[in-house]
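The figures that follow rest on heavy atoms only: side chains count, while hydrogens, waters and symmetry mates do not. Predicted, not measured: the structure shown is a model, and the values here were computed from it.
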Amino acid sequence: MTRPRADLATVVLDCADAHELARFWCGLLGWDLDAALTEPDWVLVPNPTGGAGLAFQAERDYVAPVWPEQDGRQQKMLHLDVWVDDLGAAAAHAVSLGATVPAHQPQERVRVLLDPAGHPFCVFLD
């Protein structure tokens, strides 16, 4: 049997406010929010280089994950890794857009940050 075509199109992040999270990620990645397809609780942002895009879906009962993970608390389901050329500058830029830096940092060449919805993501040197 031949494998049918399957390409990753979009990674969807649940959150409380789809538009707020879309603004954050577009600012972080330098993507064009004006190219986004939007609805009141949904924002789809295409990747300008043609790769997988990001989408943001507002959920009324959204609960942010905790970092690091803790028993009995909301666990992350995935995290995004972002290549950067300057770790300190990238982390500072993310914070200026609304990210937070948790105390727990497991590696020296990686910074774990939390986006405005609480999703952990990593910036690391290319």
Side-chain angles (χ1 to χ4, degrees):
M1 182 175 192
T2 304
R3 182 185 68 81
R5 178 177 171 231
D7 293 317
L8 181 63
T10 308
V11 174
V12 181
L13 297 173
D14 290 347
C15 56
D17 184 330
H19 294 267
E20 173 191 43
L21 201 56
R23 283 189 298 275
F24 171 81
W25 280 99
C26 285
L28 183 71
L29 299 172
W31 289 10
D32 185 5
L33 187 56
D34 291 335
L37 302 172
T38 66
E39 296 177 10
D41 293 329
W42 173 263
V43 179
L44 171 63
V45 183
N47 182 330
T49 64
L54 289 175
F56 309 93
Q57 181 171 321
E59 297 289 348
R60 183 181 57 221
D61 297 323
Y62 174 75
V63 176
V66 296
W67 171 258
E69 287 87 356
Q70 299 172 17
D71 289 341
R73 303 279 308 274
Q74 179 65 45
Q75 304 289 308
K76 70 180 182 322
M77 299 297 287
L78 62 89
H79 72 273
L80 301 178
D81 287 340
V82 179
W83 280 334
V84 299
D85 58 5
D86 183 319
L87 199 55
H93 178 63
V95 168
S96 77
L97 295 168
T100 57
V101 182
H104 180 66
Q105 296 294 322
Q107 299 173 348
E108 186 176 314
R109 294 177 52 87
V110 175
R111 289 296 169 272
V112 177
L113 298 123
L114 305 175
D115 73 14
H119 301 109
F121 67 97
C122 297
V123 293
F124 63 97
L125 295 174
D126 184 3

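Here Leu114 is tied into one hydrophobic group with Trp67, Val112, each link being a pair of ILVMFWY side chains closer than 4.5 Å. Other cluster members for Phe124: Trp83, Val110, joined by side-chain heavy-atom distances under 4.5 Å among Ile, Leu, Val, Met, Phe, Trp and Tyr.
To the nearest 0.5 Å, atoms CZ (Arg3) and CZ (Arg5) are separated by 9.5 Å. In this structure, the separation between NE2 on His119 and CZ on Phe56 is 9.5 Å, given to the nearest 0.5 Å. The structure places CG of Leu13 at 7.0 Å from CG of Asp115, a figure rounded to the nearest 0.5 Å. The CG atom of Leu125 sits 8.5 Å away from atom CG of Asp85, with the distance rounded to the nearest 0.5 Å.
There is no path of hydrophobic side-chain contacts, each under 4.5 Å, that joins Leu37 to Val11. Connection of Leu44 to Leu8 is not established within any shared hydrophobic cluster, with ILVMFWY side chains joined at heavy-atom distances below 4.5 Å, either directly or through further cluster members. Residues Met77 and Leu113 do not share a hydrophobic cluster, defined by chaining ILVMFWY side chains whose heavy atoms lie under 4.5 Å apart.
Scanning for side-chain contact (heavy atoms from CB on, under 4.5 Å) contacts around Ala58 gives Ala18, Asp41, with sequence neighbours left out. Under the side-chain contact (heavy atoms from CB on, under 4.5 Å) criterion, Val12 pairs with Thr10, Asp14, Trp42, Ala55, Gln57, not counting sequence neighbours. Considering only residues two or more places apart in sequence or on other chains, Leu33 meets the side-chain contact (heavy atoms from CB on, under 4.5 Å) condition with Ala22, Arg23, Cys26, Ala36, Val43, Val45.
Contact detail for Val66 and Arg73: the closest heavy-atom pair is CG1-NH2, 3.1 Å. The nearest pair of heavy atoms linking His79 to Cys122 is CD2-SG, 3.8 Å. Residues Phe24 and Pro116 approach most closely at CG-CD, 3.4 Å, considering heavy atoms. Counting all heavy atoms, side chain and backbone alike, Thr100 lies closest to Pro102 at O-CD, 3.6 Å. Taking every heavy atom of both residues into account, Ala64 and Ala117 meet most closely at CB-O, 3.2 Å.
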For residues 92-99, which side-chain N or O atoms pair as donor and acceptor with protein atoms under 3.5 Å away, sequence neighbours left out?
| residue | atom | partner | partner atom | Å |
| --- | --- | --- | --- | --- |
| His93 | NE2 | Gly27 | O | 3.2 |
| Ser96 | OG | His93 | O | 2.6 |

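With contacts defined as side-chain heavy-atom distances shorter than 4.5 Å, the pair Arg111/Gln105 qualifies. At least one side-chain heavy atom of Lys76 sits less than 4.5 Å from a side-chain heavy atom of Glu69. You'll find the side chain of Trp25 reaches within 4.5 Å of the side chain of Phe121, heavy atoms only.
Heavy atoms of other residues, nucleotides or ligands lying less than 6.0 angstrom from CG of Asp81 number more than 12. The local environment of CD in Glu108 is sparse, with at most 12 non-hydrogen atoms from other residues, nucleotides or ligands closer than 6.0 Å.
Checked by atom type and distance alone, the side chain of Gln75 pairs as donor or acceptor with a backbone atom of Gln70 at under 3.5 Å. No side-chain donor-acceptor contact under 3.5 Å links Asp7 to the backbone of Ala9.
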